[in-house]
Enquirer: 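Below is a structure I'd like to ask you about.
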Amino acid sequence: MSISIPNRQLFIDGDWKAPVLSRRIPIINPSTQQIIGEIPAATKEDVDLAVAAAKAALSRNKGADWASASGAVRARYLRAIAAKVTEKKPELAKFEAVDCGKPLDEAAWDIDDVAGCFEFYADLAEKLDSKQKAPVSLPMDTFKSYVLKEPIGVVGLITPWNYPLLMATWKVAPALAAGCAAILKPSELASVTCLELGEICKEVGLPPGVLNILTGLGPEAGAPLAVHPDVDKIAFTGSSATGSKIMAAAAQLVKPVSLELGGKSPIIVFEDVDLDKAAEWTIFGCFWTNGQICSATSRLIVHESIATEFLNRIAKWIKKIKISDPLEEGCRLGPVVSEAQYEKVLKFISNAKSEGATIFTGGSRPEHLKKGFFVEPTVITDVTTPMQIWREEVFGPVLCVKTFSTEEEAIDLANDTVYGLGSAVISNDLERCERITKAFKAGIVWINCSQPCFTQAPWGGIKRSGFGRELGEWGLDNYLSVKQVTQYISDEPWGWYQSPSKL
């Protein structure tokens, strides 16, 4: 199936603009390793133009066009964007599949979630109007106080390549709902659908400058955005190393940041489970999205009494996974996103083997695929806790395994990580699940499942997995500032100082 990629420019101030330095980056289909198009490569000069456009959008007509417009006005645009996304779902899903290697069925699911996310924040934008001037209870009846929630201003949104349009939407939708103006900088490894969001904004008539989209390399476009003095907040999803740099840069200007970073999440499987149900959730939790999930439950901690049988069951499930070009019907595992990522994943597997671990299944390129950045679903056993494979995020279809004998041991193994994004427990003993839930040091807990994500529920981590929450009402709060307003309502003078008229 041949997919024609639109030839876009940068989306700045409501229109397509060529990069100031006229640079472009090739788009490589990770399934074929062929160049299928180009994206524009923004630099500091383009960042300056986009930030200026965003500032102008907030001040236009004294803010009435966007920042101080009613939430209902902004909601109409968000719903129009959602409708266009739904209308363009077939082509957007295909763009996603050839751009980042995501199986087409998964990409289509993501596009549904994109539309749903815009709809959800349209609803919250409308509700925001009724929440303005929320009263604050005071101990003195001579004063009254209330709270205003206002857009934080110009926001920089830096997003990853594993869920290109969806992760962007998690930031764009609440930012626009709040009344902010945004500059979106998607990953250079998967930007096609984010650029198409610019075309959708043009079609629905979003006011110029409210959303600007800059594709390009991190050092050339992302870094200047993070340090720009007129950007009021940065929201970033990506690696912990890059997140640390963004946080340090923002600190120089005391600029707020929200960070959703890496993970090495555990999944604990107890001995009382249905082995097939547990096996499917275990492989879904690690191999979904080609294993490229920050929250992937890539550390399996399984009770020693069922370990052998459970791993054999997992191996049988893995054999049924169709590994193919993402556009092929029934594909359930596509390629990782790039050659660099491919080499990185294989290096992790090689290092695990050299450290003494066992490649239980997988570990190399599928024999039937001679091109593309494909890695077999891989399970690694005989793992010890000091090993790299246990401690570091692979971001590929690799599951490492340890056994446990007691609940306390399982908890210790689960929490033995610098990360704290996701965590999962599978057991028929719901009281035990409750205990494990409280014991997990993570921002997200799944019980008898792994990886479900709903727009209504908060998403984010602790420790080196970052801070702040996306989605739900928490996502909207990321882009709002709180203003306290207090009024003196008594007819009597304050009376702290002696009045000159009474001297």
Side-chain angles (χ1 to χ4, degrees), residues 5-28 35-58 99-100 153-161 164-165 167-168 171-172 175 180-199 201-202 208-239 241-253 255 257 259 337-340:
I5 303 295
N7 188 33
R8 301 291 186 197
Q9 301 291 355
L10 303 173
F11 189 67
I12 300 175
D13 203 21
D15 210 347
W16 298 109
K17 298 188 186 331
V20 171
L21 300 185
S22 301
R23 295 176 182 171
R24 296 186 74 81
I25 300 169
I27 302 168
I28 298 174
I35 294 174
I36 56 173
E38 292 180 331
I39 56 170
T43 56
K44 181 182 181 300
E45 294 82 354
D46 304 297
V47 172
D48 289 341
L49 292 174
V51 172
K55 280 189 69 176
L58 293 180
D99 195 21
C100 73
V154 174
V155 294
L157 314 176
I158 303 175
T159 57
W161 43 259
L165 187 55
M167 292 289 99
K171 292 174 171 53
V172 169
C180 295
I183 299 97
L184 169 64
K185 194 286 177 188
S187 168
E188 69 276 9
L189 294 178
S191 299
V192 172
T193 51
C194 288
L195 287 172
E196 292 312 292
L197 180 60
E199 182 63 19
C201 290
K202 276 179 67 71
V210 166
L211 177 63
N212 307 273
I213 304 169
L214 303 180
T215 55
L217 302 175
E220 295 179 1
L225 181 62
V227 301
H228 200 291
D230 290 333
V231 173
D232 300 298
K233 174 191 169 72
I234 292 289
F236 171 78
T237 297
S239 72
T242 303
S244 178
K245 293 177 183 177
I246 286 173
M247 189 173 175
Q252 306 308 307
L253 297 173
K255 182 181 302 186
V257 297
L259 303 174
V337 73
S338 67
E339 184 175 11

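The figures here come from the full heavy-atom set of this structure, side chains too, leaving out hydrogens, waters and symmetry mates. FYI, the numbering just counts along the sequence from 1.
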Enquirer: Decide yes or no for V154 and L58: does some side-chain heavy atom of the first lie under 4.5 Å from some side-chain heavy atom of the second?
Expert: yes

Enquirer: Would you say the side chain of N7 lies within less than 4.5 Å of the side chain of R24, judging by non-hydrogen atoms?
Expert: yes

Enquirer: Any idea which heavy atoms bring I25 and G216 closest together, and the distance?
Expert: CD1-CA, 3.9 Å

Enquirer: Any heavy-atom pair between the side chains of L259 and M247 that's under 4.5 Å?
Expert: yes

Enquirer: Indicate the atoms forming the closest heavy-atom contact of V227 with A249, along with that distance.
Expert: CG1-CB, 3.5 Å

Enquirer: In Å, rounded to the nearest 0.5 Å, how long is the span from CZ of F236 to OG1 of T159?
Expert: 9.5 Å

Enquirer: Shortest non-hydrogen contact from A190 to C100?
Expert: CB-CB, 3.9 Å

Enquirer: With rounding to the nearest 0.5 Å, note down the distance linking CZ in F11 to CG in L184.
Expert: 11.0 Å

Enquirer: Just by distance, do the side chain of D13 and the backbone of A50 share a donor-acceptor pair under 3.5 Å?
Expert: no

Enquirer: Could you check if a side-chain atom of D48 sits within less than 4.5 angstrom of a side-chain atom of H228, using non-hydrogen atoms only?
Expert: yes

Enquirer: Is any side-chain heavy atom of N212 less than 4.5 Å from a side-chain heavy atom of I12?
Expert: yes

Enquirer: Counting N and O atoms only, with roles assigned by atom type, does the side chain of K185 sit under 3.5 Å from a partner on the main chain of A223, one being a donor and the other an acceptor?
Expert: no

Enquirer: Which atom names give the shortest non-hydrogen contact between A168 and C194, and what distance separates them?
Expert: CB-SG, 3.8 Å

Enquirer: Is D99 reaching over with its side chain to a backbone N or O of S191, donor-acceptor style, under 3.5 angstrom?
Expert: yes

Enquirer: So, for K233 and V231, which heavy atoms are closest and what is the spacing to 0.1 Å?
Expert: O-CG1, 3.2 Å

Enquirer: Identify the heavy atoms of A54 and I183 that sit nearest to each other, and give their distance.
Expert: CB-CD1, 3.9 Å

Enquirer: Distance check, rounded to the nearest 0.5 Å: L10 atom CG versus T43 atom OG1?
Expert: 8.5 Å

Enquirer: Taking E199 for the side chain and L195 for the main chain, is one N or O donor matched with an acceptor at less than 3.5 Å?
Expert: no

Enquirer: Report yes or no: does K171 contribute a side-chain atom to a donor-acceptor pair with the main-chain N or O of V155 at less than 3.5 Å?
Expert: no

Enquirer: If I take atom CD from residue E188 and atom CH2 from residue W161, how far apart are they, to the nearest 0.5 angstrom?
Expert: 10.5 Å

Enquirer: Under the criterion side chain to side chain contact (heavy atoms under 4.5 Å, CB included), I'd like the reasoning laid out for K202 against D15: C-alpha separation, chi angles, the key distance, then a yes or no.
Expert: CA-CA 7 Å; K202 276 179 67 71; D15 210 347; 3.4 Å; yes

Enquirer: Nearest 0.5 Å, please: how far is CD1 in I39 from CD1 in I213?
Expert: 12.0 Å

Enquirer: Tell me whether the count of non-hydrogen atoms from other residues, nucleotides or ligands lying under 6.0 Å of CD in E45 goes above 12.
Expert: yes

Enquirer: Look at the side chain of T215 and the backbone N and O of P40, then say whether any donor-acceptor pair between them is shorter than 3.5 Å.
Expert: yes

Enquirer: Who are the salt bridge (charged side-chain N to carboxylate O under 4.0 Å, His left out) partners of K55, not counting sequence neighbours?
Expert: D230

Enquirer: State the CD-CD1 distance between E196 and I5, to the nearest 0.5 angstrom.
Expert: 8.5 Å

Enquirer: Taking the side chain as everything from C-beta on, heavy atoms only, tell me whether I158 gets closer than 4.5 Å to I246.
Expert: yes

